[in-house]
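Residue numbers begin at 1 in each chain, while the letters A, B, ... track the order of the sequences.
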Number of protein chains: 2
Amino acid sequence: MSSSVASFGKHASTAEEEAYLHIQRALRLGRYKPGERLIPEDIAAEIGMSRMPVREAFRRLASEGLVVLRPNRGCIVAGLTVDELYEIFEMRSVLEGLAVRLAIPRIDEEELEELDRLLERMERAGNSGGSDWVARHQEFHGRICALSRRPKLIHQISALHAVIEPYMRIWFDYVEKPVSAREEHAAVIAALRSGDARHAELVMQDHILGTAPMLAEFVTPSR
Amino acid sequence: MSSSVASFGKHASTAEEEAYLHIQRALRLGRYKPGERLIPEDIAAEIGMSRMPVREAFRRLASEGLVVLRPNRGCIVAGLTVDELYEIFEMRSVLEGLAVRLAIPRIDEEELEELDRLLERMERAGNSGGSDWVARHQEFHGRICALSRRPKLIHQISALHAVIEPYMRIWFDYVEKPVSAREEHAAVIAALRSGDARHAELVMQDHILGTAPMLAEFVTPSR
DNA sequence: ACCTGGCTTTTTGTATCCACTTATCCAATC
DNA sequence: GATTGGATAAGTGGATACAAAAAGCCAGGT
């Protein structure tokens, strides 16, 4: 209920919204490959509507960087180059760092314990299956950002997460388990507990920037 | 030519693009007031097209935060609360700070001199008229960000600038002249010259955060 | 055999049309 | 006299239809 992160927990009240959520979800799950063309008619048929709402959804997805829209040439899934992936992580590092810094004065013990529990669930998800871990991980970062109570900041960060999510899934499927992840996330919580805003900001920045090189291995040179 | 900042220097190849640029420009210039309704038919007639491309343009503008789109209730110009204005500036501070930090290793003397000239032109624009200063100011920040050579980062920053531009114009119209502005921008250039990435990042952050309170005075409590 | 030019097919972009939601205005009732 | 209900008007969202652009294909030429 408290999570206002854009990617989660919305249900469509209009056809365009439904199309948007449908496509976004498919993209986040990696159902389409980078460079692949999204045919409006097919997607429209899939959801049971005409091409028009789908086209409008494309506009939004394009402005969030999930697809690329070229005049008269249709809609293709946006692939990331290694440089672009690093760029996303650089932006994430400062934005989520900011979120943490702003969150510090607002944090109480109850919320920290909730994060502890979330970390446990992440760990279990990592052992049991695979792609569920990614969802938990998103939730972990999303919840911390939500503590900042900055709607626009939260929205931007969420949009960046959506772009990298498919690569997170690929990464998780190839490596057996992100061993350092648990420690790093525990360190983030510890930094939040410390109450030192600047310190926590730096810890979050380091955590995010440290993840990028691992993911970069799995970027398909599809461009 | 070098500027790839999204808000500038594009011309429409498609009707939707034309509508988008037309409306964005009008919003940046403050032609519409926050809360005002944008009637698709009127705008379509204004540019000479049907409502459809205008509607698609609305989607993009909405996802950039320039308008608000509510189901069956049309498109209204997004107004900022004081909190939201501060939030934008907080985001700008870390993003433009990042851009500066990344730009440092790439800067050569020639580009610094170009910035010096731009500062001069800003000063002249500030003396002569008014709203031209805002455009120069955007160009100043845009050019520095462009040095980072991070397309997505540049795009995000540009989008944030578009949101606050109308408030910058109001602000400039009320105060006789931003006296501290020249010194602050000169300090930013000096920090770039220093070659110290972290230092330059902090100078840019302070410059941006310092501007926010002045603008906040002129936010109409329209929500 | 390869390149080039024009034709056909496919797909995109825009306009018009219809259904449904929302807002406005007036009247009736409390 | 104020408030609530309904009827009417306006406007939005979505679908279908049409025009224009691009991609693919085949034939002819070099």
Heavy-atom donor-acceptor pair, His185(B) side chain to Ala181(B) backbone, under 3.5 Å: yes
Closest heavy-atom pair and its distance - Ala103(B), Ile144(B): CB-O, 4.3 Å
Detail all sub-3.5 Å separations between protein N/O atoms and N/O atoms belonging to nucleotides 21-25 of chain D.
unit_1	atom_1	unit_2	atom_2	d
dA21(D)	O3'	Asn72(A)	ND2	3.3
dA23(D)	OP1	Arg73(A)	NE	3.1
dA23(D)	OP1	Arg73(A)	NH2	3.3

Please state how far atom CD1 in Ile76(B) lies from atom P in dA23(C), giving the value in whole angstrom units. 11 Å
Find out whether Leu115(A) and Glu111(A) are in side-chain contact, i.e. whether some heavy atom of one side chain is under 4.5 Å from a heavy atom of the other. no
Figure out the CG/C1' separation between Leu38(B) and dG13(D), and round it to whole Å. 17 Å
Examine distances only and state if a side-chain atom of Tyr167(B) and a backbone atom of Leu80(B) form a donor-acceptor pair shorter than 3.5 Å. yes
Does a side-chain N or O of Thr14(B) approach OP1 or OP2 of dT14(C) to a distance below 4.0 Å, or not? yes
Is it the case that the side chain of Glu64(A) and the backbone of Leu61(A) share a donor-acceptor pair, with hydrogens and angles ignored and the cut-off at 3.5 Å? no
Measure from the side-chain N and O atoms of Glu84(B) to the backbone N and O of Thr81(B), and report whether any donor-acceptor pair falls under 3.5 Å. yes
Over all heavy atoms of both residues, which pair between Ala99(B) and Ser148(B) is shortest? Give the atoms and the distance, please. O-CB, 3.4 Å
Interface residues of residues 41-66 of chain B with DNA chain D (non-hydrogen, below 4.0 angstrom): Arg51(B), Met52(B), Arg55(B)
Going by an N to O cut-off under 4.0 Å, is there a salt bridge joining Arg59(B) and Glu56(A)? yes
